[in-house]
Structures are given as structure tokens and as C-alpha cells.
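Structure, as C-alpha cells:
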Amino acid sequence: MFKSSDFKEKTGGNGMSKIIGPGTHYCRIIDMVLETPGYNKEAYFVTLRLEGIDKGDEFDGLDIDKNNPSLGKYRGQVGNVKSGDWPYSTYTYEGKVIQRDNQIYNWVNNLAKQMGILHKMNEKGVEGDTIEEYVSEVRKYLIDPELWGHFTIAGSEYFNEGYTIPNYRLSFPKPQPRKNLFPFSALEDDDRKPHNFIEFDETVHITKAKEKVEDKEPLTSFEPTQAAASSSNTIADDFPKPGSVPMSDIDLPFGK
């Protein structure tokens, strides 16, 4: 039997999405992984999972682990944000080979610097024989419940069939190291603004969908589709399991 009263809207409470959208947000990092796109097995994104500020008791966030409900739910909006529109890969430019792993090394260390933890890593002598090992080591310093910062998130717009509200593929704007500007910072200037920070600009950081909803063929059936608000349920499915070992098995430097 189907009853309208049984229908539960897929929002975080008070109509609020469970997912972080494009913009500048105050967040903590709850995971960092290297992610291989299906179209290039030799390339990597660095993907951060971010959680925003506590939205209160009425907010019904995503499950921390959908296979273990006892862990509870996130109290803030969550988002998986890639290091850029395109993954890092090895390529040749003007006769010089630009190595994938060196690009990732620079991106991750700039993140660590902007989050104020690079000096701690240097004191501990953080290293790794491979880029995978190095990222895994840096991850331990970034996943700290007390480490919060500002993050500017760009969005590539897309529409689910039959809906007019856009969803977004989230990524970070390209850092500008020559200008010493980055889309993340836990540091503040004297005026309490984020230090060396790229502010969100909708005209720059939102990529509009190439195909508008109204240009599509009209719907001929009512097959279930997923609206923007309900897309929050897919995030846990799409995101890789945190690291290669359970969080409880990781020796994090800030302690338990």
C-alpha cells in the first residue's frame, strides 16, 4: 500500500540540503583520498570530503556510515570536492615532462600550508616513498576535529531529467601560487579575513550546463528520478571509503 503521509522528503530538515553547494564555506576536512576517474586510470583527483558548521538538532544530515547507523549522522552539510575540473596526469609541455605526482605533491602541501599544519609535518618528518603513501601521511594531520577553515567551492551545473533545479559537481578553483592565492585557508589576516584566499565569484566559479532543461525532450513517463534535494543520498555511495583503513585504526597526531 502507498500512502502520501509516508513520504519523506530528502532534505536535512527545514528544507535544507544535506549537501554543501558552491560558495565559500567554513568547514573541516573529514577525509582526503586520491580518486581515479573512469576515463583515465593513470590520473588522480585529490578529493576532500568537507563538513560544514553544525546545523542544529533539527538538521537530518547524511549517515556517517550507512552500513553502521550506530555512528550517527553528520551535523553539518557534507560535500565531496575534487582538486579541480580535471585530474592530475603526466603530460609534456614545451618539451618538458610535467609529472602527475609532483603536481599532487605541490597541491597537497599548499593545502597543508594554508591549513597551518605544514610546520607540524616538517617537525615530524612526514614522508612517503610514493605519492599514495605521502597523501596518506598528510591526511592524518588534516583530519582533525579542531581544524576548521574557509573553503571556496566551484560548481559545474547539471540537471537530472525532468527537473529544473540544478545539481553541481564540486571542485576547487585553480590555485594561483604566483599570486599566493588558494581556495582554502585556516589562517586569518589582521582584519580576520582568510589569508591568501580566493573568494567565491559566481560569474567565475559556476559552470553552466551546456544543455538547458527546457531544451530537452518532454518526459514521456514518470520513471523515478532524483531531484537536487534528494541527490544528497548519492554522496555516500559515490565517495570512496575513508582511506585504506578504518578511522579507528589510524594513529592521528591530535589523539582521540
Side-chain angles (χ1 to χ4, degrees), residues 18-20 23-35 44-56 59 61-65 68 70-83 104-128 130-153 170-173 175 181-189 192-198 235-236 239-256:
K18 301 181 182 186
I19 306 302
I20 291 174
T24 293
H25 302 277
Y26 193 62
C27 302
R28 68 184 182 103
I29 298 171
I30 53 180
D31 204 4
M32 177 173 71
V33 297
L34 294 175
E35 190 175 27
Y44 276 138
F45 287 105
V46 184
T47 301
L48 301 186
R49 172 172 264 201
L50 304 177
E51 181 184 15
I53 60 174
D54 191 320
K55 294 296 185 180
F59 179 73
L62 291 176
D63 291 325
I64 294 174
D65 183 344
N68 186 2
S70 65
L71 294 178
K73 297 177 180 291
Y74 289 112
R75 292 186 60 84
Q77 294 172 308
V78 176
N80 299 328
V81 189
K82 290 180 169 57
S83 46
I104 295 172
Y105 174 82
N106 289 334
W107 193 92
V108 168
N109 284 332
N110 279 322
L111 172 64
K113 180 191 72 174
Q114 286 291 106
M115 296 303 291
I117 61 163
L118 186 59
H119 66 286
K120 294 181 182 179
M121 292 165 47
N122 291 337
E123 290 173 357
K124 295 293 184 180
V126 171
E127 60 183 26
T130 66
I131 195 61
E132 292 85 357
E133 291 177 2
Y134 187 76
V135 169
S136 179
E137 289 300 310
V138 176
R139 175 180 179 272
K140 298 174 184 178
Y141 290 81
L142 289 169
I143 303 175
D144 179 343
E146 302 302 320
L147 181 59
W148 290 74
H150 293 89
F151 295 82
T152 289
I153 302 172
L170 304 178
S171 63
F172 288 110
L181 293 174
F182 303 91
F184 28 68
S185 183
L187 309 175
E188 293 184 341
D189 293 324
R192 300 190 63 81
K193 291 183 178 180
H195 182 64
N196 295 341
F197 188 62
I198 298 173
I235 192 169
F239 198 83
K241 292 296 182 184
S244 57
V245 295
M247 285 290 292
S248 59
D249 295 339
I250 295 177
D251 182 18
L252 297 176
F254 54 81
K256 297 182 179 179

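No experiment lies behind these values; they were computed from the predicted model shown.
- How far CD of Q77 is from CD of E51: 10.0 Å, rounded to the nearest 0.5 Å.
- P175 and I198 get closest at one heavy-atom pair: CA-CD1, 4.3 Å.
- Side-chain contact check for V126 versus K140: every heavy-atom pair is 4.5 Å or farther apart.
- Ion pairing of D144 with R28 is absent here, as no side-chain N (NZ or NE/NH1/NH2) approaches a carboxylate O to less than 4.0 Å.
- A distance of 6.0 Å separates CG of L48 from CG of L111, quoted to the nearest 0.5 Å.
- The shortest non-hydrogen separation linking T47 to E35 is OG1-OE1, 2.7 Å.
- Interatomic distance, NE2 of H150 versus CD of Q114, reported as 12.5 Å (0.5 Å rounding).
- One distance of note links CG of L62 with CZ of R75; it measures 14.0 Å at 0.5 Å rounding.
- Under a 3.5 Å cut-off, the side chain of S185 and the backbone N or O of P194 do not form any donor-acceptor pair.
- Within a 6.0 Å radius of OH in Y134, more than 12 heavy atoms belonging to other residues, nucleotides or ligands are found.
- Side-chain contact check for I53 versus W148: some heavy-atom pair is nearer than 4.5 Å.
- With sequence neighbours left out, I104 forms a side-chain contact (heavy atoms from CB on, under 4.5 Å) with L34, Y44, V46, Y88, R100, V108, I131, V135.
- In terms of the ring pair (Phe, Tyr, Trp, His ring centres under 6.0 Å) criterion, F182 has no residue partners (sequence neighbours excluded).
- Rounding to the nearest 0.5 Å places CD1 of I143 at 11.0 Å from CZ of R49.
- In this structure the side chain of L71 never reaches within 4.5 angstrom of the side chain of D63, judged on heavy atoms.
- Screening Y26, W107, F197 against F184 for a ring pair (Phe, Tyr, Trp, His ring centres under 6.0 Å) leaves a single residue, W107.
- Paired with I20 under the rule side-chain contact (heavy atoms from CB on, under 4.5 Å), one option of I153, N80, V78, V81 passes, and it is I153.
- Note that CG of D189 and CG of N196 are 7.0 Å apart. Values are rounded to the nearest 0.5 Å.
- Contact annotation: the side chain of I64 approaches that of Y74 to within less than 4.5 Å [non-hydrogen atoms, C-beta and beyond].
- A 4.5 Å side-chain heavy-atom check between L147 and M115 finds at least one atom pair inside the cut-off.
- Remark: S70 pairs with N68 by the side-chain contact (heavy atoms from CB on, under 4.5 Å) rule, at least two apart or across chains.
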